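Take a look at the structure set out below.
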Amino acid sequence: SALLDDFESYGSTDDLRSVWQKKSSTTADVYLDDTIKGGGDFSMRLDYGIGPGYKIYARIEKIIDQNYSGDYLSFWLKPDGSERLMQIAIRDANNTYWTYDLYLIGNEPRYVSIPIREFDSSAGGLLNLKDMKIIRLTIRKGTAEDGTGTIYLDDMSFTNVPTKIAGGNRATPNIFRLYPNFPNPFNPSTTIAYALPETGSVQIVVYNMLGKKVATLVDEKQSAGLNTIEWDASTLPSGLYFYKISAGRFQAQQKCLLVK
C-alpha cells in the first residue's frame, strides 16, 4: 500500500491545519484527535457547518504533488449519521478533478475502500494516480438537512486490495431505503443511493412521465450495505423522470428532473 496520511507525523492541530487546509472561507475546521481513531495514536477530526449562516458546502484539501499507485483509495471513517454527501476529489497532472460521492450514513466506524475505477470526471477514461496534485474533501447538504456535523478520518492510503476489518468494510443498514438522487435537477448525470439491510436481488428501473421504461440501472443480486449508482441521461430529453427500486418485498420510488 502507499500511505496518503495516517495523521501520526503531526505534532499539533496547527501542524495538521498547515497541511489539510480549509478552502473558500468555508466552515471546516480540522483537529488532531486522540480519542476516536482507527489505528495508531491520532486521527483527523473534521467539524463542519453548511446551510444558513454558513456556505452551501464545507471543504478541506491537501497538496500532494507526487506519484501513487494502487487500485483502491482506502481509509478509516467514522461518519456522523447526517446522510449528507462527502465528495472526494483528486486533481491530476492535467488539472482534471476526479470525484467520488460518499454518503455519511450511520455513525459506526468502519474502513472504506473505493475502487479507483469508480472515480469520475468530465474528461472520461480512468484516473491515473501518477503526478497527483491535490486531494479534496467537500461536504454538501445533498438530500439531507442543513446544519453542523463532525466526522473522523484515519489511515488514508492507496491499496491494491480492499482494506477490511471484522464484519467487513461497510456498515449494514437497519432498513431498506431509496434516497433522493443528487444533484437534482441534474444534467446529464446524477447519483442514486439506496440501503440494503440484507443480501438479495435488486432492480432499479427509470420511467418517464408516460410510464415508459427508459433505463434499467440495476438488475442483479447485491450484498447488504449502502450502494450508489450513477445514471447518465445524456441521450434523453429534459423532463420529469421516476426511478423505482424493487428488493424482495421492498418497493420505493423517487422523482428527478433532467434539465438540459
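Atom set for the values below is all heavy atoms of this structure, side chains included, hydrogens, waters and symmetry mates excluded. Bear in mind that the values here come from a model prediction, so they are computed numbers and not experimental data.
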Problem set entry | Any donor-acceptor N or O pair under 3.5 Å, side chains Asp80, Thr150 | no
Exercise. Do Tyr31 and Trp76 sit in the same hydrophobic cluster, where Ile, Leu, Val, Met, Phe, Trp and Tyr count as joined when their side-chain heavy atoms come under 4.5 Å apart?
Worked result: no
Exercise. Are the charged groups of Arg45 and Asp47 less than 4.0 angstrom apart, N to O?
Worked result: yes
Exercise. Is any side-chain N of the basic residue among Glu83 and Arg177 closer than 4.0 Å to the acidic one's carboxylate O?
Worked result: yes
Problem set entry | Interatomic spacing from CD in Glu118 to CG in Leu127 - rounded to 0.5 Å | 12.0 Å
Exercise. Is it the case that Asp120 and Tyr97 place a side-chain donor and acceptor less than 3.5 Å from each other?
Worked result: no
Exercise. Between Asn227 and Tyr103, do the side chains contain an N or O donor and an N or O acceptor separated by less than 3.5 Å?
Worked result: no
Problem set entry | Common cluster, Ile90/Ile134, ILVMFWY with side-chain heavy-atom separation under 4.5 Å | no
List the atom pairs, donor and acceptor, that lie under 3.5 Å between side-chain atoms in residues 199-212 and the rest of the protein, sequence neighbours left out.
| unit_1 | atom_1 | unit_2 | atom_2 | d |
| --- | --- | --- | --- | --- |
| Thr199 | OG1 | Ala224 | N | 3.4 |
| Asn208 | OD1 | Leu210 | N | 2.9 |
| Asn208 | OD1 | Gly211 | N | 3.1 |
| Asn208 | OD1 | Lys212 | N | 2.9 |

Exercise. Can a donor-acceptor pair be found between the side chains of Thr159 and Ser74 at a distance below 3.5 Å?
Worked result: yes
Exercise. Salt bridge between Lys133 and Asp92, side-chain N to carboxylate O under 4.0 Å?
Worked result: no
For this session: Enter the distance from Leu129:CG to Phe119:CZ here, rounded to the nearest 0.5 Å.
Result: 8.5 Å
Exercise. Would you say the side-chain atoms of Thr96 and Asn94 include a donor-acceptor pair closer than 3.5 Å?
Worked result: no
